[in-house]
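Scroll down for the structure; my scribbles are underneath it.
Predicted model, so just to flag it, every value in this text is computed and none were measured.
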Amino acid sequence: TLHGTLFRNGPGLLDVNGQRIHHPFDGDGMVCAIAFHNGRAHFRNRFVKTAGYLAEQKAGRILYRGVFGTQKPGGWLANIFDLGLKNIANTQVIYWGSKLLALWEAAEPYRLDPHTLETLGLEYFDGQLSPGDAFAAHPRIDPGDGTREPRLVNFSIKPGLSTAITVYELNLAGQIVETYTHYVPGFAFIHDFVITPRYCIFFQNPVDFNPLPYVFGLRGAGECLRFHPERPTRVIVIPRPHSFEADEQIPSQPYVLETQAGFVFHHANAFAQGDRLVVDSVCYASFPELQPGTDFEEVDFAALPPGQLWRFQLDLTNKTVDRHLLEPRCCEFPYVHPQHVGRNYRYVYLGAAHAPTGNAPLQGILKVDLHANNRQFWSAAPHGFVGEPVFVPRPDATTEDDGWLLTLVYDSKRDRSDLVILDAHNLDRGTIACLHLSHHIPYGLHGTFTPECFGITVL
C-alpha cells in the first residue's frame, strides 16, 4: 500500500488585503502535505511565513515588487530604484537530510517542520550558504550506485555580463560536501538543469535582460526579458569533479555546445549513451514574453507556442547537438522514476493538454514509453485541470513503471481540488483512488514524495 508523504508547493496567496498581485508566479508559497498510512490520508497546508510574507500581512498592503510584474502601489515613483525582492519560497519543496525545504530559485531555502509545516527560518547549511545566496528550485537527486552514496545536486545563478553557475552537492545528512563555480559569457536565465553521474547540464536560453525599465520602476524584472530566435541556445556541460577516477583528467572548463534556438523551463532527464549525452526536455519555440498591463486571467493559450518533449543528443568530442521531437502534444512538468535520474530510462510522465494538437491548459496525464514509442493518456477534461504528476515506485517493484502517479486536480465544476491516484503501469485503468478535498488549492508548481510519514499520529 501507499505509505509516506506527498509534499507540494506553489503560489498560494494571490492578493494582499485585496491588493491583487500582477502574476501568480509572484504569489507567496503555500506548502501542502498529504500523508498516507494504513489506507488513510491526512491533509495539511500552511503558507511559508517568510520575512516578506509576515511584513506584508502586518502592513496589510504590498510592500515588495515581484519578478513577474507585481509593483508596489503608487506607480513608478513608488518603485524606482527599489531592487529588493521578496523571497516567496513558492516553487518546490523537498525533504532531504531530515530537513523540509521550501525553494525559490532567487534566494535561500526556508526550512519547515515536516510534521506541522510551520516555518522554522532560513536554511544556510551550517554556514555553507551566505545571506543572499541563491539555492535553485530544481534540485536533482543522484540515486548513487554501489560505490557512491546518493546526493542532492543543486545550483545557483548570478547573472550579469558573464554569469556564474555554482553547483552544490549535498550528502545524505544534508551537508554541502562539494561546491564548484564556472562562468559563462552573457546573461543566463536558467530555471532547471539535469545531471548524469559525471556531468551537470544547463541550457542557456537565447534571452537578454534590459534592466532599465526595472530599475526605473516601470516593469518587473521578468517583463524585461526578450527572446532572440535568431541566436542559438547554448548547452553548458559542467563536469562533476568527484565522479572522475584518480587516473582521469578532469576537464578544467565546461563544454559549450550550440543548438537551434528554443526555450526550456523544465528538463525530464539526461543520461550517457555511448560517447554521447542524451537530454530530454520540454522545449518551446519561443519564450512567452510577459507584457506590462496584461491580465494573466485573460491569457490566449491558443496564441502561445506549446511546450513539447524534445530529445537533444550531445557529442562532446565534436561539439555538435542533434535534436528531434519525441512528443508533439502540448505538455509540461515531466517526472521520471527517482532511481533512473541521470540514467537510461524508459518512461516519462507529464501533464498534458486534452487535445493532441495546439496549446492549452494541462488537463491530462501522459505516459510516454521512450523505448517502444507508445503512449497512455488519462484525461480529467472537460472540468478538471491537472498539476505535476509525481511518480511513487512500489516498495517491491520489479519494473520501472510499477508504482503510482499522484496529481492534484482542480475540478472547476465543483470549485474543489482532488488528489487523484493513477496506476503508473496502466493509465487505461483510470482513477484508482480520488481523495476529495473540502476546498480548492491554488494551481501549484512542484512536489516530491518521501516514504516517511508525517502529520499522522501512528499508534
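- Legend: residues meeting side chain to side chain contact (heavy atoms under 4.5 Å, CB included) with N373, ordered by chain and number and at least two apart, are R375.
- Counting only residues at least two apart or in different chains, ring pair (Phe, Tyr, Trp, His ring centres under 6.0 Å) contacts with residues 400-442 comprise F43-H439.
- The cationic atom of K319 (NZ for Lys, CZ for Arg) does not lie both less than 6.0 Å from the six-membered ring centre of Y255 and within 45° of the ring axis.
- Taking 4.5 Å as the limit, some side-chain heavy atom of D418 sits within range of a side-chain heavy atom of R414.
- Between F263 and the options W310, F287, Y284, F203, a ring pair (Phe, Tyr, Trp, His ring centres under 6.0 Å) holds for only F287.
- Every pair passing salt bridge (charged side-chain N to carboxylate O under 4.0 Å, His left out) that includes a residue from residues 179-196 is listed here, sequence neighbours excluded: R140-D192.
- Nearest heavy-atom pair across L427 and I365 is CD1-O, 3.6 Å.
- Within the structure, the salt bridge (charged side-chain N to carboxylate O under 4.0 Å, His left out) test picks out the following pairs touching residues 337-364 (sequence neighbours left out): D142-R343, R346-D369.
- Under the side chain to side chain contact (heavy atoms under 4.5 Å, CB included) criterion, Q339 pairs with P143, H337, not counting sequence neighbours.
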Does the pair R429 and Q376 meet the rule for a side chain to side chain contact (heavy atoms under 4.5 Å, CB included), with working shown? CA-CA 10 Å; R429 285 184 60 189; Q376 293 180 13; over 6 Å; no
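- Closest approach of I157 and A188 over heavy atoms only: CG2-O, 3.8 Å.
- Looking at F7, Y95, F454 one by one, the single match for ring pair (Phe, Tyr, Trp, His ring centres under 6.0 Å) with H115 turns out to be F454.
- Side-chain rings of F202 and F193 approach one another, their centers coming within less than 6.0 Å.
- Each of T91, L85, N90 was scored for a side chain to side chain contact (heavy atoms under 4.5 Å, CB included) with I88, with one residue passing: N90.
- Taking the six-membered ring for Trp, Y349 and F391 have ring centres closer than 6.0 Å.
- S379 meets the side chain to side chain donor-acceptor pair (under 3.5 Å) test with H354; sequence neighbours excluded.
- Taking the six-membered ring for Trp and the full ring otherwise, H446 and H138 have centroids separated by under 6.0 Å.
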